[in-house]
> 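Take a look at the following structure, please.
What you see below is based on every heavy atom in this structure, not just the backbone, and it leaves out hydrogens, waters and symmetry mates.
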Amino acid sequence: MATVELRFSAQPEHVRTARLVAAAVARRAGVDEAVLDEVRLAVGEACSRAVGLHRSHGITAPVSVALTEEEKAFSIEVGDSVPDPGADPAESGAPDASDADGEGEDEMGLAVISGLVDDVEVRSGAGGGVIRMSWPTADAAVPS
């Protein structure tokens, strides 16, 4: 299982770089060419969402992206450091994330990602959130 990890400061201009790297790694992992645009768009949405969350909550920690090539799938995890509103912010040392600022944009981004990716999982906790997306590779497409 090969993994490429990116960390970038929460600046919108870095999202494009993450999209380009994700597409290149997905192509190398064997994701179908017809799906690469979906990979780019989904990663762009997930990274933009993480950047927006960091900026709106004053978090200076980097956004993380892990691109993993597995036997029959390619997965991407985009992580933020914004604690779940239900979590105790005192435990994480981060500002209270329970305000509703940007909540509509957040939901719209998740809706776009869900429309682009069949296999998507969203998790959040006191340490932040993760969007995990995966696509089949050419090895998984046609069983022999």
> So do the side chains of Leu110 and Arg49 get within less than 4.5 Å of each other, counting heavy atoms only?
yes
> If you take all heavy atoms of His14 and Phe8, which pair is closest and at what distance?
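Result for this residue pair: CB-CD1, 3.4 Å.
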> Can you see which heavy atom on Thr3 is nearest to which on Ala66, and at what distance?
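Distance-wise, the nearest heavy atoms are CG2-CB, 4.4 Å.
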> Check for me, please, whether Ile59 and Val130 land in the same ILVMFWY cluster - side-chain distances under 4.5 Å, paths through other members count.
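Shared cluster, no.
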> Distance check, rounded to the nearest 0.5 Å: Leu116 atom CG versus Trp135 atom CH2?
8.5 Å
> Minimum heavy-atom separation for Pro12 to Arg55, with atom names?
CD-NH1, 3.7 Å
> One pair to check against side-chain contact (heavy atoms from CB on, under 4.5 Å): Val63 and Leu53. What are the steps and the verdict?
CA-CA 10 Å; Val63 172; Leu53 287 170; over 6 Å; no
> Under a single-linkage definition using a 4.5 Å side-chain heavy-atom cutoff for Ile, Leu, Val, Met, Phe, Trp and Tyr, are Val112 and Val122 assigned to the same hydrophobic cluster?
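In one cluster: yes.
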> Listed by chain and number, what are the side-chain contact (heavy atoms from CB on, under 4.5 Å) partners of Val21, not counting sequence neighbours?
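With neighbours one apart ignored, the set is Leu6, Thr17, Val25, Leu67.
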> Is there a side-chain contact between Met133 and Val78 in this structure, where contact means two heavy atoms from C-beta onward sitting under 4.5 Å apart?
yes
> Write down the atom of Ser114, the atom of Val120, and the distance for their closest heavy-atom approach.
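So the minimum-distance heavy-atom pair works out to OG-CG1, 4.1 Å.
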> Looking at residues at least two apart in the chain, or sitting in another chain, which of them share a salt bridge (charged side-chain N to carboxylate O under 4.0 Å, His left out) with Arg7?
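Applying salt bridge (charged side-chain N to carboxylate O under 4.0 Å, His left out) to Arg7 gives none.
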> So, using side-chain contact (heavy atoms from CB on, under 4.5 Å) as the criterion, who are the partners of Ser134 when residues are at least two apart?
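Result, side-chain contact (heavy atoms from CB on, under 4.5 Å) vs Ser134: Ser75, Asp119, Arg132.
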> For Glu38, check salt bridge (charged side-chain N to carboxylate O under 4.0 Å, His left out) against everything at least two apart and list the hits.
none
> Work out which heavy atom in Thr137 is nearest to a heavy atom in Glu71; give both atom names and the distance.
OG1-O, 3.9 Å
> With sequence neighbours excluded, what pairs up with Arg123 under the salt bridge (charged side-chain N to carboxylate O under 4.0 Å, His left out) test?
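Testing Arg123 for salt bridge (charged side-chain N to carboxylate O under 4.0 Å, His left out), a comparison that skips the adjacent residues, returns Glu121.
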> What are the two closest heavy atoms between Val39 and Ala22, and how far apart are they?
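Closest approach of Val39 to Ala22, heavy atoms only: CG1-O, 4.3 Å.
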> Please report the interatomic distance SG(Cys47) to CZ(Arg16), rounded to the nearest 0.5 Å.
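Atom-to-atom, Cys47:SG and Arg16:CZ are 13.5 Å apart.
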> Which residues pass the side-chain contact (heavy atoms from CB on, under 4.5 Å) test with Leu36, not counting sequence neighbours?
Ala26, Arg27, Val31, Glu33, Arg40
> Given His54 and Val82, is the side-chain contact (heavy atoms from CB on, under 4.5 Å) satisfied, shown in steps?
CA-CA 7 Å; His54 276 222; Val82 178; 4.1 Å; yes
